[in-house]
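Notes to accompany the following structure.
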Amino acid sequence: MALNSGPQSLSSQVFTKERFIPISNFSSNPCAVLRELWSEKTDNHTRVQELHQNEKPRSRNSCKRAKDMANLINYKPWSNQLLSSFTTLLSKTNVLQTLCHIKEPSKAFRFFKWAHEMGFPHSAQSYFMMLEILGRQRNLNVARNFLFSIEKKSNGEVKLEDRFFNSLIRSYGEAGLFKESIKLFETMKSTGVLPSVVTFNSVLSILLRRGRTNMARAVYDEMLGTYGVTPDVYTYNILIRGFCKNSYIEEGFRFFKEMMSFDCDPDVVTYNSLVDGLCKAGKVSIAHNLVNGMNKKCKDLNSDIVTYTTLIRGYCMKQEVDKALFILEEMTSRGLKPNVITYNTLIKGLCEAQKLNKVKDILGQMMGDGTFIPDTYTFNILIHAHCSAGNLDEAFKVFENMKNLQVPADSASYSVLIRSLCQRGDYDAAEKLFDELYENETLLSNYGSKPIAASYSPIFQYLCEHGKTKKAEKVLRQLMKRGTQDPLSYKTVIMGHCKEGAYENGYGILVWMLRRDFVPDFEIYDCLIDGFLLKDKPLLAKETLEKMLKSSYKPKTSTLHSILARLLEKGCVHESTSLIVMMLERNIRQNINLSTENLLLLFGSGLRDKAFQIIELHYKNGYRVKIEVVQFLCQRGKLPEACKLLLFSMEHHRNIDIDLCNSVIAGLCKINKVSEAFNLCYELAEKGLHQELICLNDLIAALEAGGRLKEAAFISKRMPRVDLKHDDRQKQLAKGLIEPVESLFEAGGKDTWVSIRKLLKRETEAAVTELSACISGFELDEETVERMQQSLRDYAKQIVANKAKEESGKILIRMKDRMPEDNINIL
């Protein structure tokens, strides 16, 4: 579409094809720029107000010295001798001016510290300026540490004020670190620094930009109720703009009415915010009436370019282009000259309404009389139009003309071309343009539209699938520095690193995600944990797991056990213990073998108390402790710990090994730990288990040697006697022989005596064996033992003999009853 007959005209360089396509979607928006201007007006006002607080007039000589110092710092390598000639000339004014002229924040910080070392007493103003410099350049960790060191470094001369906190709160907000802003706000209150209206304005602005309307309401109520801070016109402009932007138009009008009660007169920003909200909601006619009412009602308040540009955008969105053109005429009739944003808004609307001839006429007229010169956004419209139509060659011609006219390209200029190249499959060209974007640091420039991370998704995907994730991450980090973010792009880059085995790089992006209040999905966590285990880095796997749990995901039990096993292999006693505690608290199934290994590691590391805490947690959750732990403690000579563990097991009604108890008691007696030995024996006696102990003589001797006669007597009374052991075995024999022998005799078979002999032998040998085991703990000589054993054998034979006699008597009686009396006499 030729807008001017001259082949070398500006319009012919802008439009490289006779016809360009209507735009349905743009990666940048002129009215978004206007909204940013409105939103930053309060912050800029605040920064200037705080920065110039207590500032004195500058002298010409001081200004020259400051520039000289700044030039040395900017263009020469730093050293402590660099500014030696200026040491005696340091003053409050030239220090502040030098800080302003230094280009790199790191060098500014060095100069600040150097001045302090040279004896210069920094003022509240210089501390504030340094904090501003660090914050603006996103050196936020350094800025935070610097903030909380101010009172110490100034020897208490400079107290923490609300403006110091305000500065860093704003910097966090501008970097997209919403959570950090709110945390710092809470820290400010907890340290006793009262928030001012500026503080509340900053926090409200940050909250509403993130769409946190409920939190914003709560902060506003806290501002009025808890702290009694009176809102100003900036407060209400922030609230009205924020709620309207988040589609709460009625709430915006409620604040509009409420501001009157605080003697806050609405200004043009107030009305523009309401107009913008109404236009977004499609209520453009109401917005137009509001503007007319403002012009009539308020003599000192007139609509500005922003007002009319917003209305033009509203009508264009509804494709009521004629009304948009009418607003343009009304605007000019009121003496307001449309700016480039106004024209770009109208051009975009005309394109969407397919009023191509009208676009040609307007551009030709405006460019012909010099009232309009295309800017970055204008070119972006055309590039996007050609790309949408598939005319990529024409889009690149516009892009080249853009460079020729020295109109700077922004993120939107690059993203639409890169995306289109990817869609066409020309990834080499897309990557080349991507490299140019990174090298030019276009994304870091505040010029043009704010980058949209999602628009680079296709090239991120390609690079991460082809082993070039580091390149993708470089650009992603530039995007993050601008405060723009996209969860899908984060995931693409993290998974790319995982695919290439660079799991730690992926973990770094994960941390960025979480700091920006995004929740990574399950797959990201799972992949990173598996990767760290594969690379034998269980500590990082555990850190990732902890973040996974904070994101409300429930990992597989096998994953937890794998991490725990690797931690134990590495001897990470504290980390493995905390993981077990976390699992128990969350009712996650334990692996008793791994838990046992952890206890061995705790005891082996001398962490006795911690080990018993873990044991108690296991018992409370229904788990047992394996006997290997007691055996380990005995082998390591940790008999008091073994004793305590046995007592702990009995307390929780667990079965214990009596042989281990014998070993522990005997060992304790040898190392003179008689109290512990007695306590264990006492508990065994209470549970009726002491009868099986064979170490009681040793315990009694140790107690008597230590003068603890009462305890020795207590054990002696409960000590099993040898004769009782013998009697018990006799009772056992009687029970095992009497009834079976009777049964065999009554059966009266031909093998009766063979069966009786076998029974006698079996029961006798069993009783003798058990007797030997029972009396082994007694100090008996061999002769006595043999005598007791023979006594049992004799006793068994006597039982059989007695039963045989009884049976013989019974047989005679039966024969007598059956035979004639004469035969009986013969017998």
Side-chain angles (χ1 to χ4, degrees), residues 538-539 542 561 563-581 583-584 590-621 623-684 687 689-690 692-703 705-706 708 711 715 777:
L539 291 174
K542 179 178 176 290
H561 290 167
I563 296 172
L564 180 56
R566 293 297 183 85
L567 289 170
L568 291 167
E569 285 175 13
K570 291 278 188 181
C572 302
V573 59
H574 297 290
E575 291 79 7
S576 60
T577 302
S578 68
L579 182 55
I580 285 176
V581 170
M583 291 171 69
L584 289 168
Q590 292 290 299
N591 180 315
I592 196 64
N593 293 327
L594 294 176
S595 298
T596 300
E597 202 173 327
N598 172 252
L599 289 173
L600 299 182
L601 188 59
L602 283 167
F603 280 120
S605 303
L607 300 171
R608 176 179 181 274
D609 293 340
K610 190 65 180 178
F612 280 108
Q613 287 176 16
I614 299 302
I615 291 168
E616 186 173 3
L617 275 174
H618 275 83
Y619 279 124
K620 282 182 178 179
N621 284 272
Y623 295 100
R624 62 183 177 84
V625 175
K626 294 182 76 173
I627 195 171
E628 284 89 336
V629 180
V630 182
Q631 292 172 337
F632 170 84
L633 292 171
C634 291
Q635 291 167 2
R636 292 294 183 92
K638 298 179 182 292
L639 294 169
E641 287 85 351
C643 177
K644 183 175 179 180
L645 183 51
L646 288 169
L647 290 169
F648 202 88
S649 299
M650 284 191 285
E651 183 183 338
H652 288 82
H653 311 291
R654 297 289 176 180
N655 294 329
I656 59 170
D657 188 300
I658 201 68
D659 291 334
L660 268 178
C661 292
N662 273 315
S663 299
V664 170
I665 292 173
L668 288 169
C669 290
K670 288 180 181 178
I671 62 174
N672 203 28
K673 296 285 184 181
V674 186
S675 294
E676 289 87 340
F678 176 77
N679 289 339
L680 179 56
C681 186
Y682 179 85
E683 291 299 326
L684 288 166
K687 294 184 179 296
L689 300 173
H690 66 292
E692 304 297 326
L693 293 173
I694 61 173
C695 59
L696 297 181
N697 286 325
D698 294 336
L699 178 56
I700 291 170
L703 288 168
R708 304 180 66 165
E711 288 92 333
I715 299 300

Scanning both residues in full, the closest heavy-atom pair of L668 with P640 reads CD2-N, 3.9 Å
d(K570 NZ, L539 CG) to nearest 0.5 Å is 8.5 Å
When rounded to the nearest 0.5 Å, the distance separating CG of L645 from CZ of F603 is 6.0 Å
inquiry  = Donor-acceptor pair, distance only, cut-off 3.5 Å: does the side chain of N598 make one with the backbone of L594?
reply    = no
Discussion item. If we count only N and O atoms by modelled type, under 3.5 Å, do the side chains of K610 and S605 hold a donor and an acceptor together?
Written reply: no
Scanning both residues in full, the closest heavy-atom pair of N679 with L647 reads O-CD2, 4.0 Å
### K626 atom NZ: more than 12 heavy-atom contacts under 6.0 Å
yes
Q. Counting only heavy atoms not in Y682, do more than 12 sit closer than 6.0 Å to its OH atom?
A. no
P538 and L567 have their tightest heavy-atom pair at CB-CD2, 3.7 Å
What one should report as the nearest heavy-atom pair of L599 and A611 is CD2-O, 3.5 Å
One should read off an interatomic distance between L617 CG and L584 CG, to the nearest 0.5 angstrom, of 5.5 Å
- Message: Please evaluate residues K542 and S578 with respect to the criterion side chain to side chain contact (heavy atoms under 4.5 Å, CB included), reporting the C-alpha separation (whole Å), side-chain torsions for both, the decisive distance (0.1 Å), and the verdict.
- Response: CA-CA 10 Å; K542 179 178 176 290; S578 68; 3.0 Å; yes
Taking every heavy atom of L601 against every heavy atom of L568, the minimum-distance pair comes out as CD2-CD2, 4.1 Å
message: In the structure I gave you, are the side-chain heavy atoms of L639 and E676 within less than 4.5 Å of one another anywhere?
response: no
| request: Find out whether C669 and V674 are in side-chain contact, i.e. whether some heavy atom of one side chain is under 4.5 Å from a heavy atom of the other. | output: no
**Prompt:** Does a donor on one side chain sit under 3.5 Å from an acceptor on the other, for T596 and E628?
**Reply:** no
message = Does E683 form a side chain to side chain contact (heavy atoms under 4.5 Å, CB included) with L646? I'd like the steps, not just the answer.
response = CA-CA 10 Å; E683 291 299 326; L646 288 169; over 6 Å; no
Applied to residues 637-647, the salt bridge (charged side-chain N to carboxylate O under 4.0 Å, His left out) test, sequence neighbours excluded, yields R608-E641
When rounded to the nearest 0.5 Å, the distance separating CZ of R708 from CD1 of I700 is 14.0 Å
OH (Y623) and CG (N591) are apart, to the nearest 0.5 Å, by 10.0 Å
What one should report as the nearest heavy-atom pair of C643 and L680 is SG-CB, 3.9 Å
- request: Take I658 and L684 through the side chain to side chain contact (heavy atoms under 4.5 Å, CB included) test and state the conclusion after the steps.
  value: CA-CA 9 Å; I658 201 68; L684 288 166; 4.3 Å; yes
key: Parallel, tilted or perpendicular: rings of F648 and Y619 (30°, 60°)   = tilted
Hits for salt bridge (charged side-chain N to carboxylate O under 4.0 Å, His left out) against R624, two or more places apart or cross-chain, chain-then-number order -> none
Rounded to the nearest 0.5 angstrom, the OG-NE2 distance for S595 and H561 is 7.5 Å
